[in-house]
Amino acid sequence: VFVVSLVTAVSVEGSLGDNRPNFVFLLTDDQDTRLGQSTEYSDIGSLASMPAVRSLLMEKGVRGLNTMVNTPICCPSRTETFSGRYYHNIGPPNEVGNCMHVNTTNAIGPKGMFGSLKEHGYSVGVFGKVTNDQGNVLDKAMKMDTMSYIDSPIDYNNFLGVTYQRFFPNGTNYVETISPKDPIFSTPYQTTQIGNRTMRWLEEVVKGSDPFFAYIGPHAPHFPATPAPWYENLWSNGSAPVTPNYNFSDPGKPQHIRQNPPLTEDVKCWEDQHFRDRWSSLKSVDEIVEAVHDLLSKSGKLNNTYFIYTSDHGYKLGQWRVGTSKQHPYETDIHVPFIVSGPNIPHNQTFKQLSGNVDILPTILDLAGIVTPSTVDGKSIKQFLFNPNHDNNSWRKHILIEYMSVGTYYNDHSNIWSSGAKICPSSGPPRGPNPSVKNCVEETGLGNGTCYFVDSTHSNNWRLLRIVDPSQNQNLAYVEYDPQWKWEGQLQWYELYDLDTDPYQMDNIYASADEKLKQQLHEMLSAYYECSGSACP
């Protein structure tokens with residue numbers, strides 16, 4: 001449901017009048033590529049629920065098959081995306097930050113995505129969630145003058161929130177509070193508000209000759225994954241897939257996972273509801289893609305506009321007995337959609353090279369003809385977008401992914417939307433097999449089996465070396481755990497998976513692996529962890 005009138009005057013800054021490409025960058029929240037409607041892993045996951053994304057972007061663009069996030073949780077991942085820098089360079093040990101350990105000033109500073117494009121004459125419009133400390137980063141961006149125009153929800157966690165930060169090129173800024181009963185654009189539903197606010201700005205900037213960059217950040221399908229009221233029952237027959245590793249007890253996993261008790265029918269009931277809500281909430285994101293694509297087509301700007309579609313991390317629903325979450329070094333959590341369409345991009349193709357979200361900023365700058373700042377750790381993947389079959393032997397064969405726990409919590413951490421009807425035995429996702437359990441203790445060994453751990457400050461601090469090297473027949477995931485974040489001597493835990501023979505990561509082969517291989521993997525990972533700027537692979 002889109003209202004694309006109600007246009008107000010918006011200043012268009014810049015006077016280059018050149019023919020550089022425009023960009024529409026869509027960043028969803030918690031969108032997976034592995035969990036579809038089959039008992040096997042998918043390679044598009046929740047994209048199956050989005051016909052416009054598939055027909056307008058996937059079928060008319062290029063998709064990355066091995067695009068991963070360099071940290072699978074919101075604030076670090078988003079800061080990596082907007083800065084092009086790895087976790088260890090925007091958070092511990094090299095920086096101290098207050099948003100899940102990272103310094104989000106890197107995301108909105110002059111050398112980040114928004115600042116770099118604005119400095120080079122782009123009109124930069126920002127719509128939706130930027131980072132989890134939303135009010136803080138938007139305030140800093142206005143003071144730093146790194147965004148041209150802001151029309152974003154402040155309370156991004158509330159799908160029916162009413163406050164929006166407004167900022168204009170002339171410096172005017174204020175907080176707009178919409179009426180819940182009589183809102184502009186006819187509904188307070190956040191995703192639709194974001195779409196219409198984007199359209200309102202685009203309808204003006206397409207009249208100018210200067211290039212634009214539209215950032216669109218819907219909160220969907222992040223929990224509670226509230227669907228638009230008119231789409232509440234869109235996927236009423238859907239259910240979370242029971243993959244081979246669903247409810248699988250794995251002694252090779254780190255401590256907080258291997259002591260999780262079996263998931264009950266009550267847990268599965270809530271996972272099914274959450275799955276339905278996630279896919280239903282993405283329908284409104286799909287509508288944004290369709291509306292923006294249509295507007296640019298009618299305005300004559302489409303052929304000079306790149307669409308980039310991705311997410312800040314993946315998701316799991318009960319795999320290895322871990323409930324609704326990300327935060328782990330597994331394929332469900334680290335793989336994300338990555339689709340690019342636009343000038344010189346072939347249609348309906350894929351590329352297999354390893355890429356991370358740190359590569360998005362240098363790629364955008366490369367497409368725009370802007371020199372990448374020396375502080376950026378990522379690399380441009382333009383060569384694979386223009387020629388997906390290009391075989392560059394010098395391209396990285398391994399990539400670094402890092403995560404420091406943001407807290408110890410359990411399966412009841414997430415609110416799951418429902419219509420109010422009693423759909424499951426408990427009132428929400430249960431903390432343990434006994435929904436009334438209060439106290440949870442992470443014990444050595446198997447634990448007491450009373451709680452479903454999702455994250456742990458004690459045993460979920462890790463760094464991952466993900467290797468995809470066909471020339472060496474290597475498709476490996478090597479993980480080290482260290483709660484001290486020092487990576488010295490014998491570490492807390494190790495994992496090693498051969499993804500060719502064990503795609504569901506159910507058999508940790510570290511203990512039986514060759515000692516020479518273990519040492520080699522540790523040295524490769526340690527060297528990567530020290531990298532910065534152009535020295536990074």
Side-chain angles (χ1 to χ4, degrees), residues 10-14 22-27 29 74-85 89-91 95-100 102-157 161 163-177 190 193-194 197-198 200-202 204-205 210-219 308 312 357-358 360-362 364-365 368 370 372-373 375-376:
V10 179
S11 299
V12 183
E13 63 174 42
N22 308 302
F23 295 89
V24 175
F25 178 34
L26 293 109
L27 180 65
D29 204 331
C74 303
C75 213
S77 175
R78 288 167 174 268
T79 305
E80 291 164 351
T81 296
F82 298 130
S83 69
R85 307 192 71 196
N89 290 325
I90 57 172
E95 283 207 30
V96 177
N98 296 317
C99 192
M100 300 180 182
V102 301
N103 180 0
T104 54
T105 303
N106 291 284
I108 45 82
K111 294 183 179 180
M113 186 177 294
F114 309 111
S116 292
L117 289 164
K118 184 173 183 296
E119 180 186 0
H120 287 84
Y122 274 78
S123 184
V124 177
V126 177
F127 311 88
K129 177 182 176 181
V130 179
T131 59
N132 295 56
D133 56 341
Q134 181 85 336
N136 173 54
V137 294
L138 293 182
D139 183 61
K140 285 184 178 180
M142 290 187 289
K143 291 176 180 176
M144 292 180 175
D145 196 27
T146 54
M147 300 173 180
S148 312
Y149 184 87
I150 301 172
D151 197 351
S152 294
I154 297 174
D155 183 13
Y156 66 85
N157 269 318
T163 56
Y164 286 78
Q165 179 65 58
R166 305 296 305 278
F167 176 75
F168 298 84
N170 64 5
T172 299
N173 73 88
Y174 60 90
V175 175
E176 174 190 0
T177 302
Q190 184 190 105
Q193 281 281 330
I194 289 172
R197 289 167 187 270
T198 305
R200 178 169 62 181
W201 180 74
L202 283 173
E204 292 299 308
V205 296
D210 299 314
F212 60 81
F213 177 86
Y215 167 72
I216 308 172
H219 195 40
I308 300 171
D312 56 0
N357 58 320
V358 294
I360 296 175
L361 170 58
I364 289 174
L365 296 182
I370 299 171
T372 299
T375 54
V376 169

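All residue numbers in this chain count up from 1 along the given sequence. All of these numbers come straight from a predicted model, not from anything done at the bench. All heavy atoms count here, side chains included; hydrogens, waters and symmetry mates do not.
Side-chain atoms of Asn157 and Asp155, non-hydrogen and from C-beta on, do get closer than 4.5 Å to each other. Looking at heavy atoms from C-beta onward, Ile108 lies in side-chain contact with Met147 at the 4.5 angstrom threshold. Proximity of Val102 to Asn106: side-chain heavy atoms (C-beta onward) are nowhere separated by under 4.5 Å. Contact of the Gln165 side chain with the Asn173 side chain is registered, since non-hydrogen atoms from C-beta on lie closer than 4.5 Å. Between Pro110 and Ser116, every side-chain heavy-atom pair lies at or beyond the 4.5 Å cut-off. Contact of the Arg78 side chain with the Val130 side chain is not registered, since no non-hydrogen atoms from C-beta on lie closer than 4.5 Å.
Side-chain polar atoms of Asp133 and Thr104 form a donor-acceptor pair below 3.5 angstrom. Between the side chains of Ser83 and Lys111, no donor N or O sits under 3.5 Å from an acceptor N or O.
Between Pro76 and Cys99, the closest heavy-atom pair is CD-O, 4.4 Å. Between Tyr122 and Ala368, the shortest heavy-atom contact is OH-CB, 3.5 Å. What you find for Leu361 and Gly84 is that their closest heavy atoms are CD2-N, 3.9 Å. Across all non-hydrogen atoms, the minimal contact from Cys74 to Asp29 is SG-OD1, 3.5 Å. The minimum heavy-atom distance between Glu95 and Asn89, with the atom names listed, is OE2-O, 3.5 Å. The heavy-atom pair separating Val376 from Arg85 by the smallest distance is CA-CG, 4.5 Å.
One finds the CE atom of Met113 at 7.5 Å from the CG atom of Leu365 (value rounded to the nearest 0.5 Å). Atom CD1 of Ile194 and atom CD1 of Ile216 lie 9.0 Å apart (nearest 0.5 Å). With values rounded to the nearest 0.5 angstrom, Met142 atom CE is found 5.5 Å from Ile150 atom CD1. Taking CG from Leu27 and OG from Ser77, the interatomic distance works out to 7.0 Å, rounded to the nearest 0.5 Å. Interatomic distance, CD1 of Ile364 versus CG of Leu117, reported as 6.5 Å (0.5 Å rounding). Rounded to the nearest 0.5 angstrom, Phe127 CZ and Asp151 CG are separated by 6.0 Å.
Partner Thr81 forms a side-chain contact (heavy atoms from CB on, under 4.5 Å) with one of Asn357, Thr131, Asp312 and no other, that one being Asn357.
Here Tyr215 and Phe114 bring their ring centres to under 6.0 angstrom of each other. Aromatic pair Phe23/Phe212: ring centres not closer than 6.0 Å.
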Subject >> side chain to side chain contact (heavy atoms under 4.5 Å, CB included) assessment of Val24 paired with Leu26 >> reply: CA-CA 6 Å; Val24 175; Leu26 293 109; 3.8 Å; yes
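Residues Glu176 and Arg197 are paired through a salt bridge, judged by an N-O separation under 4.0 Å between the basic side chain and the carboxylate.
In this structure a side-chain-to-backbone donor-acceptor pair under 3.5 Å is present from Ser152 to Val126. With Gln190 contributing its side chain and Tyr156 its backbone, the two residues share a donor-acceptor pair below 3.5 Å.
Note on ring orientation: taking the six-membered ring where Trp is involved, the planes of Tyr149 and Phe168 are perpendicular (angle over 60°, cut-offs 30° and 60°).
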